[in-house]
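Hydrogens, waters and symmetry mates are skipped; everything else that's a heavy atom, side chains included, is used. Letters A, B, ... mirror the listed sequences (proteins, then strands); counts begin at 1. As the structure is a computational prediction, the values presented were derived from the model and not from experiment.
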Amino acid sequence: MTPAELAVAIRRILVQMQADGSLSAAELPAEIVVERPKNREHGDWATNAAMQLSGTFNLTPRAFAELLAPRIEALDEVSKVDIAGPGFINITLNLASAGMLARTIVEAGSAYGKGEALLGLKMNLEFVSANPTGPIHMGGTRWAAVGDSLARVLAFQGAEVTREYYFNDHGEQIDRFARSLLARAKGLPAPEDGYGGEYIEQIANAVMASATKDILALEDEAAQEAFRAAGVELMFQEIRESLHEFGVDFDVYFHENSLHESKAVERAISRLRELGHVFDEDGAIWLRSTEFGDDRDRVIVKSDGKPAYIAGDLAYYLDKRERGFDRCLIMLGADHHGYVQRMMAMCAAFGDEPGVNLEILIGQMVNLLRDGEPVRMSKRAGTVVTMEDLVEAVGVDAARYALARSSSNSQLDIDLSQLSKKTNDNPVFYVQYAHARTQQVAVNAKSMKVDHSMFDPALLNHPTETDLLAKLGELPRLAQQSAEFREPHRIARYIEEVAGSYHRWYDNCRVIPLADKPVEAIHSTRLWLNDAAGVVLRNGLGLLGVSAPERM
RNA sequence: GCGCUUGUAGCUCAACGGAUAGAGCAUCUGACUACGGAUCAGAAGGUUGGGGGUUCGAGUCCCUCCAAGCGCACCA
């Protein structure tokens, strides 16, 4: 029996109690919380239903628990129930129904843990969206790891997820990039507000090599335009390639430029004008965003007639909604959090619901250290640590795991000197090793004639076995929470616990009989459990976009 | 000055408002002639930044102070 099934059973009992009059009529929560008690001695599962519902029924938690507990105990799958502390109901399953989980998991395989919390939702997840003016740095790398994992987590709950990259190929930053390329090609130093570094030279050289005519012979303006067009395209390809090697592939690369060329910006503005949220002042066009909680109104089109940055965002958001996305999620770095209010105001101005149709996830910065000292980075000097640098130092799996395992609203410190010498302190290896072990145990078992032919779940009675089973049973709930809170790091923490439980079990319980002993039901049954652990570890690593190796 | 995020073990970080605040790394002590020792068992390490409040119950919610990062444009 899984905890989810237990929760459903408890809810059914409550409904029954209302039907037979032992409880008054009142609204029940859609879901009863069943979780693992921290202390193993408290049983397999615990529910705080009595504490949460006592108020609704005007009873003390204790009294409510005493009413409910006997009925839970009457369930076939339950062997023992007791009430503890302020009103926790601790539940112990009988061994056979607890052990059945092993088989359930193996039979479900890659589907084990899936949920339907977001079934039918069309979600657009925009992340990274780094400017094509240079390689992806650490911040972008973090969002690539977290965002891709989040996309997997959301899809695991039934959402139809589109990964999208907003490609900022319009505006001032791009002009600076083009000027930097031109300067480099001419052998001049990088402009004051421009970009430096080796990659600028490489791109500049590549642009000249692929050009059909001598760009440097052109007038500055034309030359700059030539560098812009070709340079952006090359940079874009390089970024895509880095992301691909990082295991992140976007479904849509959206070009900001296309919004301007297709007149989508004008359409978005006139739409807002129709809705009465736009006004003209000082020769500029403004969005009356204060009406929707912003601290000031925002200029959409500057008095020189050029669109402000937000103009593109207006059109882009509208475009996403017109493409049928119910939920638009955008991941931004903390250096852009000042942007949230106006984006939400914009969403409301279109008549949508901020926080629902548009959700902005802010992630904190990554601090790079070397031997404990902060590393100063400068785009202009080109001393930026890139995604490729990190991957080269530790590999894709270790990099993704390290970036995805902690909450993105806390700043992350990464010490380069530590990464480059010892990678073993990354818990990813602990988890991967556990998975590899499940695979090799299965291989060895097969050669020793241990197979799935027998299954007697009541035999899984060692403390490390009941512990492992209970842990494996938590994946569905964990996966759902991870999606609900948009926090993929919970998956990482969970599989680390699973790996720990698995290793402890392995140390105590043999799957393969000793050389002179026969194969018995216990061995077969344990093979099911071993394989179930493998499934959970594999599914968990999969949600993080990290490989689950057969051997290491 | 205003706003957002954060403050938990020596370090990096966990903990739907739930029971004795947990992992990994680092340190120390142990464990294979038994399915992979990248493992396991154990020790040590904490006034959850300080102070108030809300309630059956607070690391978590509210107020306040302190500290750190980031942001407050007709820049993008």
- Query: Which of these nucleotides, A23(B), A76(B), C40(B), is closest to any side-chain atom of His503(A)?
  - Reply: C40(B)

Looking only at atom [atom1], what distance separates [N] and [M], rounded to whole Å?
| N | M | atom1 | result |
| --- | --- | --- | --- |
| A21(B) | U60(B) | P | 15 Å |
| C56(B) | A38(B) | C1' | 47 Å |
| C65(B) | G3(B) | P | 11 Å |
| U27(B) | G10(B) | P | 16 Å |
| G17(B) | G53(B) | P | 23 Å |
| U47(B) | U8(B) | C1' | 12 Å |
| U6(B) | G59(B) | C1' | 13 Å |
| G7(B) | A14(B) | C1' | 15 Å |

Quick one: does [X]'s side chain get under 4.5 Å of [Y]'s, heavy atoms only?
| X | Y | answer |
| --- | --- | --- |
| Glu465(A) | Cys509(A) | yes |
| Thr466(A) | Leu460(A) | no |
| Phe167(A) | Phe254(A) | no |

Taking atom [atom2] of [N] as reference, at what distance in whole Å does atom [atom1] of [X] sit?
| X | N | atom1 | atom2 | value |
| --- | --- | --- | --- | --- |
| Tyr401(A) | C25(B) | OH | P | 12 Å |
| His489(A) | U12(B) | NE2 | C1' | 14 Å |
| Tyr339(A) | A73(B) | OH | C1' | 11 Å |
| Tyr502(A) | A38(B) | OH | P | 14 Å |
| Asn168(A) | A76(B) | CG | P | 10 Å |

- Where RNA chain B forms runs of at least three Watson-Crick or G-U pairs (i with j, i+1 with j-1, under 3.5 Å), the stems are B:1-7 with B:66-72, B:10-13 with B:22-25, B:27-31 with B:39-43, B:49-53 with B:61-65

- Query: With sequence neighbours left out, what residues match Phe156(A) under side chain to side chain contact (heavy atoms under 4.5 Å, CB included)?
  - Reply: Lys114(A), Ala479(A), Leu543(A)

- When the nearest nucleotide of RNA chain B is assigned to Arg504(A) and to Gly338(A) on a heavy-atom basis, which residue is associated with the more 5' position? Arg504(A)

- Message: I'd like to know if Lys80(A) and Asp82(A) make a salt bridge, using a cut-off of under 4.0 Å between side-chain N and carboxylate O.
- Response: yes

- Query: Salt-bridged, Arg179(A) to Asp193(A), with N to O below 4.0 Å?
  - Reply: yes

- Over 12 non-hydrogen atoms of neighbours within 6.0 angstrom of CE in Met448(A): no

- Task: For atom CZ of Arg551(A), decide whether the heavy atoms of other residues, nucleotides or ligands shown that lie under 6.0 angstrom number more than 12.
- Result: no

To the nearest 0.5 Å, what is the distance between [atom1] ([X]) and [atom2] ([Y])?
| X | Y | atom1 | atom2 | answer |
| --- | --- | --- | --- | --- |
| Met343(A) | Tyr317(A) | CE | OH | 9.0 Å |
| Leu529(A) | Thr464(A) | CG | OG1 | 8.5 Å |
| Leu478(A) | Glu35(A) | CG | CD | 10.5 Å |

- Item | Short side-chain N/O contact from Ser407(A) to OP1 or OP2 of A14(B), under 4.0 Å | yes

- Task: Ignoring backbone atoms, test whether Tyr430(A) places a side-chain nitrogen or oxygen under 4.0 Å from the OP1 or OP2 oxygen of C40(B).
- Result: yes

- Task: Just jot down the ring pair (Phe, Tyr, Trp, His ring centres under 6.0 Å) partners of Tyr430(A), sequence neighbours excluded, or say none.
- Result: His503(A)

Each nucleotide N or O in nucleotides 4-10 of chain B that has a protein N or O under 3.5 Å away: list the pair and distance.
residue, atom, partner, partner atom, Å
U5(B), O2', Gln364(A), NE2, 3.1
U5(B), O2', Asn409(A), O, 2.8

Could you write out each protein N or O paired with an N or O of nucleotides 16-22 of chain B at a distance under 3.5 Å?
residue, atom, partner, partner atom, Å
C16(B), OP1, Arg490(A), NH1, 3.0
C16(B), N4, Asn48(A), ND2, 2.8
A19(B), OP2, Lys38(A), NZ, 2.7
A19(B), N6, Asn90(A), OD1, 2.9
A19(B), N1, Asn90(A), OD1, 3.1
A19(B), N1, Asn90(A), ND2, 3.2
U20(B), O4, Asn39(A), ND2, 3.0

Each nucleotide N or O in nucleotides 31-36 of chain B that has a protein N or O under 3.5 Å away: list the pair and distance.
residue, atom, partner, partner atom, Å
C35(B), O4', Arg510(A), NH2, 3.4
C35(B), O3', Asn444(A), ND2, 3.4
C35(B), O2', Asn444(A), ND2, 2.5
C35(B), O2, Ile512(A), N, 3.4
C35(B), N3, Val511(A), N, 3.2
C35(B), N4, Tyr506(A), O, 2.6
C35(B), N4, Cys509(A), O, 2.9
G36(B), OP1, Asn444(A), ND2, 2.5
G36(B), OP2, Asn444(A), ND2, 3.3
G36(B), O2', Tyr433(A), OH, 2.5
G36(B), O2', Arg437(A), NE, 3.0
G36(B), O2', Arg437(A), NH2, 3.1

- Task: Pick base, sugar-phosphate or nothing for Thr60(A), based on heavy-atom distances below 4.0 Å to the nucleic acid.
- Result: nothing

- Query: Please walk me through it: do Phe455(A) and Trp528(A) pass ring-ring contact (aromatic ring centres under 6.0 Å, His included)?
  - Reply: CA-CA 8 Å; Phe455(A) 181 67; Trp528(A) 283 94; 5.5 Å; yes

- Query: Does one side chain, of Asp44(A) or Thr92(A), offer a donor that lies under 3.5 Å from an acceptor on the other?
  - Reply: no

- Indicate whether any N or O donor in one side chain lies under 3.5 Å from an N or O acceptor in the other, for Gln411(A) and Asn367(A). yes

